[in-house]
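Here the structure is laid out as structure tokens; the discussion comes afterwards.
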Amino acid sequence: MGSRRRARECALQMLFQYDLSQPSLDDLFESYWNELTELKEEHREKVPAFANRIVTGVITGLSDIDLIISRHAERWRISRMAAVDRNILRLAVYEFLHEPDTPRAVVINEALEIARRFSTPEATQFINGILDAIKRELDETGAPPLCPASLPPAPR
């Protein structure tokens with residue numbers, strides 16, 4: 001497994017923990033990295049840096065990210081989604097918006113691979129549908145929106 005996939009998995013686990021108890025970022029990072037023991041030597045620098053950047057970005061932009069997801073999740077409220085699934089979606093949307101060096105198709109593929117490992121078989125279709133709709137909208141509008149509220153309503 002590559003270091004970026006491993007970082008995404010670590011970020012998912014931290015976001016899941018944040019979802020449950022909402023610790024400060026410092027406490028979250030400290031408790032997570034102190035408990036993690038199976039990180040390979042070649043990943044010890046890259047994985048925490050990328051994972052922490054994603055987690056910080058998701059938590060900082062949580063309301064905007066959730067708004068984007070909500071606009072494309074027909075008949076699903078964020079709070080009613082499985083915690084793993086909503087956090088996989090959050091990771092991917094953050095990457096869509098703030099990691100332009102990673103192609104959006106790669107972001108979707110990574111999200112689906114992580115969903116296969118950490119969620120249910122049905123989750124991949126759910127996650128793929130929402131991320132594909134968000135990707136299409138972002139591709140059509142050009143650059144990522146500065147303010148999700150300024151986007152037109154999602155097509156239904």
Side-chain angles (χ1 to χ4, degrees), residues 1-25 28-29 32 43 46-156:
M1 174 185 326
S3 62
R4 289 180 67 94
R5 164 92 46 87
R6 185 67 182 114
R8 288 179 181 101
E9 290 181 353
C10 292
L12 171 63
Q13 293 168 340
M14 285 188 277
L15 287 171
F16 186 88
Q17 182 179 350
Y18 181 82
D19 228 4
L20 297 177
S21 60
Q22 298 191 345
S24 71
L25 280 175
L28 178 64
F29 294 150
Y32 183 80
H43 296 270
K46 292 180 182 178
V47 169
F50 187 55
N52 289 355
R53 183 170 80 219
I54 293 172
V55 170
T56 301
V58 169
I59 291 171
T60 301
L62 195 57
S63 61
D64 288 343
I65 290 169
D66 282 356
L67 177 63
I68 291 171
I69 294 168
S70 293
R71 292 178 56 249
H72 294 87
E74 293 182 29
R75 298 180 292 277
W76 279 95
R77 291 190 316 265
I78 296 284
S79 63
R80 302 279 298 167
M81 293 177 187
V84 170
D85 299 348
R86 78 173 154 250
N87 284 300
I88 291 171
L89 289 167
R90 288 168 172 166
L91 288 171
V93 171
Y94 168 81
E95 284 198 68
F96 281 169
L97 299 175
H98 301 288
E99 297 290 332
D101 291 341
T102 306
R104 291 178 179 146
V106 171
V107 171
I108 292 173
N109 185 59
E110 288 291 301
L112 297 177
E113 290 300 320
I114 292 169
R116 284 184 188 96
R117 180 163 183 215
F118 290 97
S119 194
T120 64
E122 299 80 21
T124 56
Q125 291 178 323
F126 175 72
I127 290 168
N128 187 51
I130 293 171
L131 291 179
D132 188 55
I134 295 169
K135 177 191 174 297
R136 272 195 318 268
E137 180 177 294
L138 293 174
D139 289 347
E140 288 170 5
T141 61
L146 296 176
C147 177
S150 68
L151 289 172
R156 296 278 178 191

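In what follows, residues are counted from 1 in the order of the sequence shown.
- In this structure, A7 and A51 approach most closely via the heavy-atom pair O-CB, 3.4 Å.
- At a threshold of 4.5 Å between non-hydrogen side-chain atoms, the residues I127 and I114 do not count as touching.
- Heavy atoms only, all atoms of each residue included: I130 and H72 are closest at CG1-O, 4.0 Å.
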- request: Determine, stepwise, if the pair R53 / E99 fulfils side chain to side chain contact (heavy atoms under 4.5 Å, CB included).
  value: CA-CA 10 Å; R53 183 170 80 219; E99 297 290 332; 2.9 Å; yes
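- Here the shortest heavy-atom pairing between R86 and I78 reads NH1-O, 3.2 Å.
- Side-chain atoms of T60 do not come within 3.5 Å of backbone N or O of G57 as any donor-acceptor pair.
- Judged by distance alone, the side chain of N87 and the main-chain N or O of A83 form a donor-acceptor pair under 3.5 Å.
- Taking D139 as the reference, R104, K135 meet the side-chain hydrogen bond (donor to acceptor under 3.5 Å, both in side chains) condition, with sequence neighbours excluded.
- The OG atom of S21 sits 7.5 Å away from the CG atom of L28 when rounded to the nearest 0.5 Å.
- Atom CZ of F16 has 12 or fewer neighbouring heavy atoms from other residues, nucleotides or ligands inside a 6.0 Å radius.
- With contacts defined as side-chain heavy-atom distances shorter than 4.5 Å, the pair I54/H98 does not qualify.
- Two residues are said to be in side-chain contact when any heavy atoms from C-beta on lie closer than 4.5 Å; I134 and L89 fail this criterion.
- R90 pairs with exactly one of L12, L62, I68 by the side-chain contact (heavy atoms from CB on, under 4.5 Å) rule, that one being L62.
- Contacts of E110 classified as side-chain contact (heavy atoms from CB on, under 4.5 Å), with partners at least two apart in sequence or in another chain: R5, R8, V106.
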field: side chain to side chain contact (heavy atoms under 4.5 Å, CB included) assessment of L15 paired with I88
entry: CA-CA 9 Å; L15 287 171; I88 291 171; over 6 Å; no
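- The CG atom of N52 sits 4.0 Å away from the CZ atom of F29 when rounded to the nearest 0.5 Å.
- For the pair V107/Y94, no side-chain contact is recorded, criterion being any heavy-atom separation below 4.5 Å from C-beta on.
- In this structure, Y18 and V55 have side chains that are not in contact, with every pair of non-hydrogen atoms separated by 4.5 Å or more.
- Separation of atoms CD1 (I108) and OG1 (T124) is listed at 13.0 Å; rounding is to 0.5 Å.
- With values rounded to the nearest 0.5 angstrom, N128 atom CG is found 9.5 Å from N109 atom CG.
- Shown here are the ring-ring contact (aromatic ring centres under 6.0 Å, His included) partners of F126, two or more places apart in sequence or in another chain: W76.
- Counting heavy atoms from C-beta outward, F50 and S3 have side chains that stay 4.5 Å or more apart.
- Considering CZ of R136 and CG of L138, their distance stands at 11.0 Å, rounded to 0.5 Å.
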